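Everything numeric here is computed off the predicted structure, so don't read it as measured data. Heavy atoms only: backbone and side chains are in, while hydrogens, waters and symmetry mates are out.
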Amino acid sequence: MDKAEKVMNLAVRRGFFWPAYEIYGGVAGMYVWGPLGVVLKNKIIGLWRAMFIESHDFLEIESPAIAPYVVFEASGHVGSFKDIMVSCRDCGRKFRADTLLVEKGIEVSEAASLEEVDSIIRENKVRCPVCGGVFGKSSYFTTMFKTTIGPYSESVGFLRPETAQGMFVEFKRIYESFRRRFPIGIAQIGRGFRNEISPRQGPIRLREFDMMELEYFFDPENSDCPYLEEVLDEELNLLHEELIRKGGKDYETMTVREALENKVIKNGCMAYFMVLATRFIELLGIPRENQRFKEKLEGERAHYAIQTFDQEVKLDRWGWVEVSGHANRTDYDLSSHIKMSGRDLYAYRQLDKPREVEVLEVTPLPKKIRRDYGDKIRDIMRDLSKIEAEELKSLLLKNGFIEVAGVKLSKEYFDIKKYVKQVTVEPFIPHVVEPSFGLDRIAYAVLEYAYREVNDRVVLSLPPYLAPYDVSVYPLVEDDKLLEIAEDIRDSLAADGYRVLYDTKESIGRRYARADEIGVPIAVTVDHRTLEDDSVTVRDRDTWRQYRIKRDEVSRFIDLVIQGYGFDEVAGDMGLESFVSKE
RNA sequence: GCGGCCGUGGUGUAGCCUGGUAGCACAUCGGCCUUCCAAGCCGGGGGUCCCGGGUUCAAAUCCCGGCGGCCGCACCA
């Protein structure tokens with residue numbers, strides 16, 4: 001049994017996660033997060049919010065998971081999802097038609113139809129590169145889930161493959177409602193959907209999964225990152241383009257300063273978020289040496305990015321697995337939506353000193369037109385209004401006339417004003433760097449890294465602030481007096497806001513073991529001495545060390561431990577007497 | 001999608017080859033005992049043997065199809 005199997009076994013048995021729809025045979029790529037798993041995920045989300053949103057005063061939104069066709073048409077997803085596949089009739093292997101043909105030196109336009117691709121394959125006698133077999137008919141495949149919105153089948157919608165488009169589409173609203181704050185970070189935590197062809201790898205590759213995404217909008221003319229100073233000397237593990245091209249398999253560790261100076265990372269804020277991501281994953285219990293950032297090469301990158309690093313963690317069965325992606329999306333998305341929607345999604349840049357801008361205004365002179373063209377003025381004016389102002393200007397200046405309503409209208413019929421204007425703001429399209437995290441993979445990785453076996457017992461050494469219960473409370477034995485006190489402690493800790501696991505059945509050792517297995521960091525045990533001096537013992541999940549503590553100090557003790565201070569350290573600071581059981 | 005292996009209480013499995021009452025361990029529940037690490041004893045519950053079809057007097061077992069899982073190939077914008 002490998003580690004992944006053990007972790008999944010534990011996850012199913014104790015209720016962290018399991019495959020969905022099992023009673024009907026199951027559906028590949030879909031999992032249920034159980035009661036303990038949901039708590040874990042929520043705690044991971046809480047940490048992410050604190051680190052990526054709250055500490056920068058960024059803004060979080062929730063936008064719909066379903067979007068009309070046009071959104072993903074604009075974003076380029078429709079185009080880059082609609083790949084043409086061909087499969088070999090002999091061995092059944094599937095290939096993307098475009099990459100197959102490009103390898104043969106044949107150019108295919110992206111807009112080529114299925115029939116065109118089929119005939120190109122036939123004419124060039126392209127065979128299966130693996131077995132030499134003949135290809136069957138080509139077909140489209142898309143990894144976006146398609147649906148209809150409302151009862152009309154022509155109203156096509158997609159389930160979003162990323163939450164990011166919500167931030168782009170709604171950018172202007174958020175920007176305006178927060179008084180044009182800039183630079184601005186907008187985040188979203190939510191479900192995304194990708195109809196994977198053949199998902200495997202358990203909870204690592206899902207068809208439906210939670211993402212935590214942040215879009216950081218900045219001015220391309222002032223791309224200095226305001227947070228950079230603090231992280232310049234921090235190290236990153238980078239398997240960057242140059243290293244990959246040299247055939248390097250291992251990452252190289254360098255400081256942010258070096259990475260930026262050597263242009264390994266081309267954007268300051270991207271580097272900053274990569275540092276945050278490293279700290280975040282480290283706080284989740286995955287040491288730095290098992291993390292790295294692998295650069296995506298040209299061709300591997302998503303259509304919208306000019307530079308991308310995947311943050312990967314090393315997993316036992318699957319090796320390096322992506323847990324977050326860091327992409328420089330430039331102004332790709334906002335520009336695309338401006339073009340598609342015709343709406344203004346610009347931000348405004350305050351200029352240091354007023355700038356003089358040459359303005360050219362062209363206005364038709366109706367009286368003059370009526371004098372010379374009479375009733376035709378109606379058609380002329382109507383057609384003129386249809387022409388874009390910029391186009392009108394350039395045509396008029398180039399040709400000296402413009403043809404409307406069958407009339408060559410010379411520039412005498414226009415009032416052409418040229419003047420210089422002072423401006424203090426100017427519009428621009430923000431650029432974006434995006435850190436985007438896959439929550440389900442992260443939660444799985446956390447479990448795998450927390451998983452330990454000690455003398456045939458399973459211990460889940462989760463960081464205390466991630467554990468599904470903060471503390472467990474036990475009477476040493478099922479004795480009425482001990483039970484009463486234990487219940488009392490349980491209730492008061494619950495009232496203090498802790499998640500308490502209360503267990504009275506079977507031997508104390510077995511109860512410790514059950515709690516260790518799901519990662520409860522602290523055990524509080526009421527024993528016979530409690531009756532004498534109102535003290536209880538606290539036990540550390542990882543070391544099994546115990547200390548004696550006054551009942552009314554337990555809450556503070558728990559608070560410090562789940563903040564991340566070490567168990568022994570807190571006990572020492574509080575001057576607790578260590579407890580050793582007889583025997 | 002292709003190839004290989006596989007699917008039996010919650011978990012891990014035996015039984016399948018050679019068709020004939022589905023067994024074991026752990027977990028779980030109740031009781032007894034018990035002053036600190038899955039202790040012991042007694043008792044209980046829990047199985048559409050992945051689904052469908054076929055062969056047969058009889059199918060967990062043999063045959064066919066499907067679904068699901070793992071590994072490899074392909075795919076993962």
Quiz item: Between A:Tyr512 and A:Arg441, who's closer to the 5' end of RNA chain B by nearest nucleotide?
Solution: A:Tyr512

Quiz item: A:Ile23 or A:Val12: which one's nearest nucleotide on RNA chain B is closer to the 5' end?
Solution: A:Val12

Which nucleotide in the set [options] lies at the smallest distance from any side-chain heavy atom of [X]?
| X | options | result |
| --- | --- | --- |
| A:His528 | B:rU28, B:rA77, B:rU35 | B:rU35 |
| A:Lys505 | B:rU28, B:rC37, B:rG30 | B:rG30 |
| A:Glu478 | B:rU34, B:rU35, B:rA77 | B:rU34 |
| A:Trp318 | B:rU35, B:rC37, B:rC71 | B:rC71 |
| A:Glu506 | B:rU28, B:rC37, B:rU35 | B:rU28 |
| A:Arg13 | B:rA39, B:rC36, B:rU11 | B:rU11 |

What interatomic distance, in whole Å, is found between [atom1] of [M] and the corresponding atom of [N]?
| N | M | atom1 | answer |
| --- | --- | --- | --- |
| B:rC57 | B:rU11 | P | 37 Å |
| B:rC50 | B:rG10 | P | 12 Å |
| B:rA14 | B:rC6 | P | 11 Å |
| B:rC49 | B:rG9 | P | 10 Å |
| B:rG54 | B:rU61 | C1' | 15 Å |
| B:rG7 | B:rG66 | C1' | 14 Å |
| B:rG72 | B:rA27 | C1' | 35 Å |
| B:rG23 | B:rG30 | C1' | 24 Å |

Students often get this wrong, so: under 4.0 angstrom with heavy atoms, is [X] touching a base, only sugar-phosphate, or nothing?
| X | result |
| --- | --- |
| A:Arg529 | nothing |
| A:Glu517 | base |
| A:Gln201 | sugar-phosphate |
| A:Glu22 | nothing |
| A:Asn9 | sugar-phosphate |

Go through the side-chain N and O atoms of [X] and [Y] and say whether any donor and acceptor fall under 3.5 Å apart.
| X | Y | value |
| --- | --- | --- |
| A:Ser535 | A:Arg548 | yes |
| A:Asp540 | A:Tyr547 | no |
| A:Gln311 | A:Gln291 | yes |
| A:Trp33 | A:Asp210 | no |
| A:Tyr451 | A:Ser461 | no |
| A:Glu295 | A:Thr308 | no |

Need the pair for [N]. Rule: Watson-Crick or G-U wobble, both distances under 3.5 Å, any strand; none if unpaired.
| N | result |
| --- | --- |
| B:rA14 | none |
| B:rA39 | none |
| B:rG9 | none |
| B:rG3 | B:rC71 |

Could you tell me whether the side chain of [X] has a donor or acceptor atom within less than 3.5 Å of a complementary atom in the base of [N]?
| X | N | value |
| --- | --- | --- |
| A:Tyr24 | B:rC51 | no |
| A:Arg317 | B:rC71 | no |
| A:Thr537 | B:rC36 | yes |
| A:Arg539 | B:rC37 | yes |
| A:Arg511 | B:rC37 | no |

Quiz item: Is A:Arg329 paired with A:Glu162 through a side-chain N to carboxylate O contact shorter than 4.0 Å?
Solution: yes

Quiz item: OP1 or OP2 of B:rC36 sitting under 4.0 Å from any side-chain N/O of A:Arg510?
Solution: no

Quiz prompt | Under 4.0 angstrom between A:Ser507 side-chain N/O and B:rA39 OP1 or OP2 | solution = yes

